[in-house]
Amino acid sequence: MNVIFQSTYYTLYQATKERCFYVDLGQKMVRMSLCQLLSLRHKVMNIAIEDHFHSDLNAHGFEVLMLCNKEHLFILNTLEILDLKNLIAHGFAAMGLSAKTKALSQ
């Protein structure tokens, strides 16, 4: 397995022989196809991080993230969400599949 990107909490790997990706989320290693990884990117990039700083919108500061057709469930705090956004952005940029963020495209 090749390391694509490593952030503070997470690591993104590519297994070329298996034609899949692995995301090490600390407590669990999740195997994903490219389609599942794209779905993860969509879910993570659509998390409104500013809601974590507004007590009426997100009183506890946690996000529930379900992956791979509800096979995996993660409860992440604000710092973990920020780090996961970083992993996704830099991981896809390293693979040459980066997308513009909402703030840049407006």
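Keep in mind that what you see is a predicted model, and the values were worked out from it rather than measured.
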Handout entry: Atom pair CG/OH of L82 and Y9 - distance to nearest 0.5 Å
Key = 9.5 Å

Handout entry: F62 with I49, same ILVMFWY side-chain cluster at under 4.5 Å
Key = no

Practice task
Report the residue from L76, L87, L67 that forms a side chain to side chain contact (heavy atoms under 4.5 Å, CB included) with L25.
Solution key: L67

Practice task
For residues I88 and F5, determine if any side-chain heavy atom of one lies less than 4.5 Å from a side-chain heavy atom of the other.
Solution key: no

Handout entry: Nearest heavy-atom neighbours spanning A94 and I4
Key = CB-CG2, 3.9 Å

Exercise for the section: Please lay out, stage by stage, how Q36 and R31 fare under the test side chain to side chain contact (heavy atoms under 4.5 Å, CB included). Expected result: CA-CA 9 Å; Q36 291 169 330; R31 183 179 191 263; over 6 Å; no

Practice task
Please check if V3 and M95 belong to a single hydrophobic cluster, counting links between Ile, Leu, Val, Met, Phe, Trp and Tyr side chain heavy atoms closer than 4.5 Å.
Solution key: no

Exercise for the section: Report, as yes or no, whether the 6.0 Å neighbourhood of atom CG on L73 holds more than 12 heavy atoms from other residues, nucleotides or ligands. Expected result: yes

Exercise for the section: Kindly check if the number of other-residue, nucleotide or ligand heavy atoms within 6.0 Å of NZ (K28) is above 12? Expected result: yes

Exercise for the section: State yes or no: do V23 and L34 share one hydrophobic cluster built from I, L, V, M, F, W and Y residues joined by side-chain heavy-atom distances below 4.5 Å, directly or via other members? Expected result: yes

Practice task
Say whether Y10 and Q6, considering side chains only, have a donor N or O and an acceptor N or O under 3.5 Å apart.
Solution key: no

Exercise for the section: For residues A15 and Y22, report the shortest heavy-atom separation together with the two atoms involved. Expected result: CB-CE1, 3.8 Å

Practice task
With the side chain counted from C-beta on, respond yes when M32 and L40 share a heavy-atom pair under 4.5 Å apart, and no when they do not.
Solution key: yes

Problem - I47 backbone acceptor or donor facing K85 side chain under 3.5 Å - result: yes

Exercise for the section: Answer yes or no for R41 and F92: cation-pi contact, defined as NZ/CZ to six-membered ring centre under 6.0 Å and angle to ring axis within 45°. Expected result: yes

Problem - ILVMFWY cluster, M29 and L12 together (side-chain gap under 4.5 Å) - result: no

Fill in the blank from the handout: Taken to the nearest 0.5 Å, the spacing of R19 CZ from S33 OG works out to 11.0 Å

Problem - Residue pair Y13 / D24, side-chain heavy-atom distance below 4.5 Å - result: yes

Problem - Polar side-chain atom of N46 near backbone of H42 as donor-acceptor pair, under 3.5 Å - result: yes

Practice task
Give a yes or no on whether V44 and M66 share a hydrophobic cluster (residues Ile, Leu, Val, Met, Phe, Trp, Tyr; joining criterion: side-chain heavy atoms under 4.5 Å apart).
Solution key: no

Practice task
Determine whether F74 and E80 make a side-chain contact, defined as any pair of heavy atoms from C-beta on separated by less than 4.5 Å.
Solution key: no

Practice task
Tell me yes or no: between the side chains of S7 and D83, is some donor less than 3.5 Å from an acceptor?
Solution key: yes

